[in-house]
**Q** 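Sharing a structure here in structure tokens format.
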2 protein chains.
Amino acid sequence: MKEESYKQLLEQKGLKKTKVRITLLQHFMSIEHAQSYNDLQAALVNEVDKSTLYRSLASFEQAGIIHSINDHSGLTKYAFGQPPSQGNEHAHFVCEQCKMVYCMGKLAPLQLNVPKGFKTNKVQAILKGVCSDC
Amino acid sequence: MKEESYKQLLEQKGLKKTKVRITLLQHFMSIEHAQSYNDLQAALVNEVDKSTLYRSLASFEQAGIIHSINDHSGLTKYAFGQPPSQGNEHAHFVCEQCKMVYCMGKLAPLQLNVPKGFKTNKVQAILKGVCSDC
DNA sequence: AAATAAATGCAACTCTGTGGCATTTAAAAA
DNA sequence: TTTTTAAATGCCACAGAGTTGCATTTATTT
């Protein structure tokens, strides 16, 4: 995908087309698994300030370009694409060997019974196992 | 439950019956939802050192007395009882209003299809919604 | 090209959690 | 019961993730 596409997406979302954001977006779209803060710093060759990176991630997430994932490792990870939501549920797969986090395809609505008085709005599932690369 | 019971449980698990552990265990067994580090500090009236508390939690978890939960809030929470495991799966319910975390009953095994090459070993589910108190 | 509003970089800070080490305490041995 | 010993505690300093205030720079608008 050429640079014009990234710029188009940013414009469409009402985000300024800055150097950091273009590089970051390019990276997100070129990789298939979720990224930690450190992955991203490395990918951007440590040329970006920490707070700038976190702020960029926040704006991307708010714009629905990426979504964040908590994979039980203590580290938040970020992946390209809309977050799982009503009608668009997806689970995350954490590889127990390489620790990579992948977004899985659409998820069949889960049947879960909760005690009376509890009302479930959404279900977030984390699958743990071994990925196709390991 | 009287103090003897707490002591019995600690002994059974091969843990020394110290003041901190007895108080902590007593607290865990008297409350129905998962506790954050701060909840616990407050419950112990801030009389326990931070590292001692974390170490006590670690030993309780290792002994299978409690289990830790990551509820997407960034904070680890701890709840009484064995962790969800093969044949003993349970989900956690996070109330979107009061932020309380509850352990739900046994969970029907989830049917989730993953791409070929991926092997799922376990599924962890977080339910989000509104609890019976809210 | 000038004005404006937002993004960046820097520094200081908060908060969760960990690790070393001297001291205390529970359990075991005498 | 007293002594021994091994583990638990408290204190301190530290590490890492993430946030915030503020001055400066940069993208966009006029």
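Convention: sequence-line order gives letters A, B, ...; per-chain numbering from 1.
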**Q** Between OG of B:S68 and CG of B:L57, what distance do you get to the nearest 0.5 Å?
**A**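 Between atom OG of B:S68 and atom CG of B:L57 there are 9.0 Å.
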**Q** Over how many whole Å does the gap from B:N46 atom CG to D:dG10 atom C1' extend?
**A** 15 Å
**Q** Taking the inter-plane angle between the rings of B:Y37 and B:Y54 on a 0 to 90° scale, is it parallel (under 30°), tilted (30 to 60°) or perpendicular (over 60°)?
**A**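 B:Y37 and B:Y54: parallel rings.
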**Q** By nearest heavy atom, map B:G14 and B:D49 onto DNA chain D; which one lands nearer the 5' end?
**A** B:G14
**Q** Below 3.5 Å is the cut-off: list the nitrogen or oxygen pairs between protein and nucleotides 27-30 of chain D, distance only.
**A**
unit_1 : atom_1 : unit_2 : atom_2 : d
D:dT28 : OP1    : A:K17  : N      : 3.1

**Q** Could you grab the distance from atom CG of B:L25 to atom CD1 of B:I65, nearest 0.5 Å is fine?
**A**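 Interatomic distance, B:L25 CG to B:I65 CD1, rounded to 0.5 Å: 6.0 Å.
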**Q** Near DNA chain D, counting only heavy atoms under 4.0 Å, which residues of residues 50-64 of chain B show up?
**A** B:S51, B:T52, B:R55, B:S56
**Q** Distance check, rounded to the nearest 0.5 Å: A:S36 atom OG versus A:K77 atom NZ?
**A**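 It comes to 6.0 Å.
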**Q** Check whether A:S56 reaches the backbone of A:T52 with its side chain - one donor and one acceptor, N or O, closer than 3.5 Å.
**A**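 Flag set: sc A:S56 to bb A:T52 pair under 3.5 Å.
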**Q** Taking the ring of B:H67 and the ring of B:H92, is the distance between their centroids below 6.0 Å?
**A**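 Yes - the distance between ring centres of B:H92 and B:H67 falls below the 6.0 Å cut-off.
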**Q** Decide whether B:H27 and B:Q35 meet the rule of one side-chain donor and one side-chain acceptor closer than 3.5 Å.
**A** yes
**Q** If you walk 5' to 3' along DNA chain C, what is the first nucleotide with an atom under 4.0 Å of a heavy atom in chain A, and what is the last?
**A**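 Nucleotide range with atoms under 4.0 Å of chain A: C:dA5 to C:dA11.
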**Q** Would you say the side-chain atoms of B:Q97 pair up with the backbone N or O of B:V130, donor to acceptor, closer than 3.5 Å?
**A** no
**Q** Please find out if less than 6.0 Å separates the ring center of A:F60 from that of A:Y78.
**A**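 Ring centroids of A:F60 and A:Y78 are no less than 6.0 Å from each other.
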**Q** Got more than 12 heavy atoms from elsewhere within 6.0 Å of CD, A:Q62?
**A**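 No, CD of A:Q62 has 12 or fewer neighbouring heavy atoms, counting only those of other groups under 6.0 Å.
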